[in-house]
Amino acid sequence: MKLLVLSIMFMILYKGNAQQEKDINPNTYRFSYKSQVYKGTRLEITSQLKTLKNNSWFVNIPEEKKTVLNTLFKKVKEQPIPKLYKKQAIAFLDALYAYEEFLKIYDNALYEVILNLKQDMRRLDFKFERQFTKAKIALERANKEDKNNTQKIDLISKEFLDTQIKLISHRWMKKKIEKYKGMDAVKNPDILIAEFKKEEAMNVFTMIEQKKMEQISAYLENQIIDFFYNKSLPEIDIEDLQLDYIDKL
């Protein structure tokens, strides 16, 4: 019986000492950040940090800033001294999470822009069709009444073509915008929105740094309209146009 008790006590003491040795093992690092505990070997924690860095949430960090993050991450990865490793890991995490607020602002502003565009699509559709119809009537009148005035006809023809392209391009954009549903359009974007977000990330980040928050929505609205317009040009057929409001003019 005494032998059994001694054996149990030995096992308890052995496990306790083993755990203590594990906790003070110089190859095991441990620190916490934002309620997250990082514990393990240098390679294990570095792998966790890399996974976090590559998380889809941080995909829209401006490319210029990603370069800074990659430099900080490289310093962490190559640092063998535990105390300095922890210090540099926290510096990296500070920099990474500093962009979290930017991403929230960016996503919310872009969502509001898309929402406003969706609500304004029909009004703009009528406006652009009216402009096109007036230009068409003006061109027909000029060809009839001033057919020898080539300069005037060329000018009106250009205006007619511009309004035609604007209307067809708008309707191309309208179909795309109307498919976007809720915040998911920004959080899980299609190819177009993903490309736009990447293109404008640094500009929006700079506006936030310069405390021009109130200008972000208007800026994004102008940029996304230009972006969709340019994307539509290779896709549209200027001969494929049907009027929807002609009876209202």
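Side chains are part of it too, since the values below use all heavy atoms of this structure and drop only hydrogens, waters and symmetry mates.
Looking at S32, its side chain never comes within 3.5 Å of a backbone N or O of S35 through a donor-acceptor pair. Side-chain atoms of E112 never come within 3.5 Å of backbone atoms of S217 as a donor-acceptor pair (strictly under, hydrogens ignored). In this structure a side-chain-to-backbone donor-acceptor pair under 3.5 Å is missing from Q164 to L161.
Annotation: the span from M173 atom CE to I236 atom CD1 amounts to 13.5 Å, rounded to 0.5 Å. Distance CG/N203 to CG/L220: 9.0 Å, rounded to 0.5 Å. To the nearest 0.5 Å, atom CG of residue L72 and atom CD of residue Q88 are 8.5 Å apart. To the nearest 0.5 angstrom, I114 atom CD1 is 12.5 Å from Q119 atom CD. Separation of atoms CD (E129) and CG (L167) is listed at 6.0 Å; rounding is to 0.5 Å. The line from CZ of F102 to OG1 of T206 is 9.0 Å long, rounded to the nearest 0.5 Å.
Remark: A91 engages no residue in a side-chain contact (heavy atoms from CB on, under 4.5 Å) (not counting sequence neighbours). Among residues two or more places apart in sequence or in another chain, the ring pair (Phe, Tyr, Trp, His ring centres under 6.0 Å) test is passed with F31 by Y38. Annotation: side chain to side chain donor-acceptor pair (under 3.5 Å) contacts of N222 (sequence neighbours excluded): none. Y111 is linked by a ring pair (Phe, Tyr, Trp, His ring centres under 6.0 Å) to nothing, counting only residues two or more places apart in sequence or in another chain. In this structure E239 satisfies the side-chain contact (heavy atoms from CB on, under 4.5 Å) test together with D237, sequence neighbours excluded. Y33 meets the ring pair (Phe, Tyr, Trp, His ring centres under 6.0 Å) test with Y97; sequence neighbours excluded. Considering only residues two or more places apart in sequence or on other chains, K136 meets the side chain to side chain donor-acceptor pair (under 3.5 Å) condition with E140. By the side-chain contact (heavy atoms from CB on, under 4.5 Å) test, Q131 is found to be paired with K127, F128, T163, K166, residues two or more places apart in sequence or in another chain being considered.
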Problem set entry | Derivation and outcome, side chain to side chain contact (heavy atoms under 4.5 Å, CB included), residues K86 and Y29 | CA-CA 8 Å; K86 175 183 175 181; Y29 299 12; over 6 Å; no
Exercise. Checking salt bridge (Lys or Arg N to Asp or Glu O under 4.0 Å) for the pair R123/D120: CA distance, chi angles, key distance, verdict?
Worked result: CA-CA 5 Å; R123 181 188 67 81; D120 216 21; 2.7 Å; yes
Problem set entry | Worked check of side chain to side chain contact (heavy atoms under 4.5 Å, CB included) between Y229 and I165 | CA-CA 9 Å; Y229 174 78; I165 293 174; 3.6 Å; yes
Exercise. What's the verdict on side chain to side chain contact (heavy atoms under 4.5 Å, CB included) for K65 and M202, showing C-alpha distance, side-chain angles and the deciding distance?
Worked result: CA-CA 8 Å; K65 300 301 179 181; M202 190 60 204; 3.9 Å; yes
Problem set entry | Test side chain to side chain contact (heavy atoms under 4.5 Å, CB included) applied to I224 and L110, step by step | CA-CA 9 Å; I224 200 170; L110 184 55; 4.1 Å; yes
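Minimum heavy-atom separation, A201 to Y106: N-OH, 3.4 Å. Residues E178 and M121 approach most closely at OE2-CB, 4.4 Å, considering heavy atoms. Among all heavy-atom pairs drawn from I216 and A109, the shortest one is CG2-CB, 3.8 Å.
In this structure, K176 satisfies the cation-pi test against W172, with its NZ or CZ atom closer than 6.0 Å to the six-membered ring centre and inside 45 degrees of the ring normal.
Looking at E209, E214, Q210, Q215 one by one, the single match for side-chain hydrogen bond (donor to acceptor under 3.5 Å, both in side chains) with K212 turns out to be Q210.
Using a cut-off of 4.0 Å between Lys/Arg side-chain N and Asp/Glu carboxylate O, D125 and R171 are scored as salt-bridged.
Donor-acceptor pairing under 3.5 Å is lacking for the side chains of Y245 and T133.
In the displayed structure, K75 atom NZ is contacted under 6.0 Å by at most 12 heavy atoms of other residues, nucleotides or ligands. At most 12 non-hydrogen atoms from other residues, nucleotides or ligands lie less than 6.0 angstrom from CD of Q242. By the neighbour-count criterion of 12 heavy atoms within 6.0 Å, atom NZ of K77 is sparsely surrounded, having that number or fewer from other residues, nucleotides or ligands. Few gaps surround CD on Q36; more than 12 heavy atoms of other groups in view lie less than 6.0 Å from it. A 6.0 Å sphere centred on NZ of K87 holds no more than 12 heavy atoms belonging to other residues, nucleotides or ligands.
Placement of I137 and F126 in two distinct hydrophobic clusters is found when ILVMFWY residues are connected by side-chain heavy-atom separations under 4.5 Å, directly or transitively.
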Side-chain donor-acceptor pairs of residues 47-54 under 3.5 Å, sequence neighbours excluded:
{"unit_1": "T51", "atom_1": "OG1", "unit_2": "S47", "atom_2": "O", "d": "3.0"}
{"unit_1": "K53", "atom_1": "NZ", "unit_2": "N70", "atom_2": "OD1", "d": "3.1"}
{"unit_1": "N54", "atom_1": "ND2", "unit_2": "K50", "atom_2": "O", "d": "3.3"}

Could you list the donor-acceptor pairs under 3.5 angstrom formed by side chains in residues 153-160, with sequence neighbours left out?
{"unit_1": "S157", "atom_1": "OG", "unit_2": "I153", "atom_2": "O", "d": "2.7"}
{"unit_1": "K158", "atom_1": "NZ", "unit_2": "D162", "atom_2": "OD2", "d": "3.0"}

Show every donor-acceptor pair shorter than 3.5 Å between a side-chain atom in residues 188-197 and any protein atom, with sequence neighbours excluded, or say none if there are none.
{"unit_1": "N188", "atom_1": "ND2", "unit_2": "D184", "atom_2": "OD1", "d": "2.5"}
{"unit_1": "D190", "atom_1": "OD1", "unit_2": "Y180", "atom_2": "OH", "d": "3.3"}
{"unit_1": "D190", "atom_1": "OD1", "unit_2": "L192", "atom_2": "N", "d": "3.2"}
{"unit_1": "D190", "atom_1": "OD1", "unit_2": "I193", "atom_2": "N", "d": "2.9"}
{"unit_1": "D190", "atom_1": "OD2", "unit_2": "Y180", "atom_2": "OH", "d": "2.7"}
{"unit_1": "E195", "atom_1": "OE1", "unit_2": "K231", "atom_2": "NZ", "d": "3.2"}
{"unit_1": "E195", "atom_1": "OE2", "unit_2": "K231", "atom_2": "NZ", "d": "2.9"}
{"unit_1": "K197", "atom_1": "NZ", "unit_2": "D107", "atom_2": "OD1", "d": "2.8"}
{"unit_1": "K197", "atom_1": "NZ", "unit_2": "V186", "atom_2": "O", "d": "3.0"}

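Clustering of Ile, Leu, Val, Met, Phe, Trp and Tyr by side-chain heavy atoms under 4.5 Å joins L84 with I81.
The side-chain heavy atoms of I61 and L96, taken from C-beta on, include a pair separated by under 4.5 Å.
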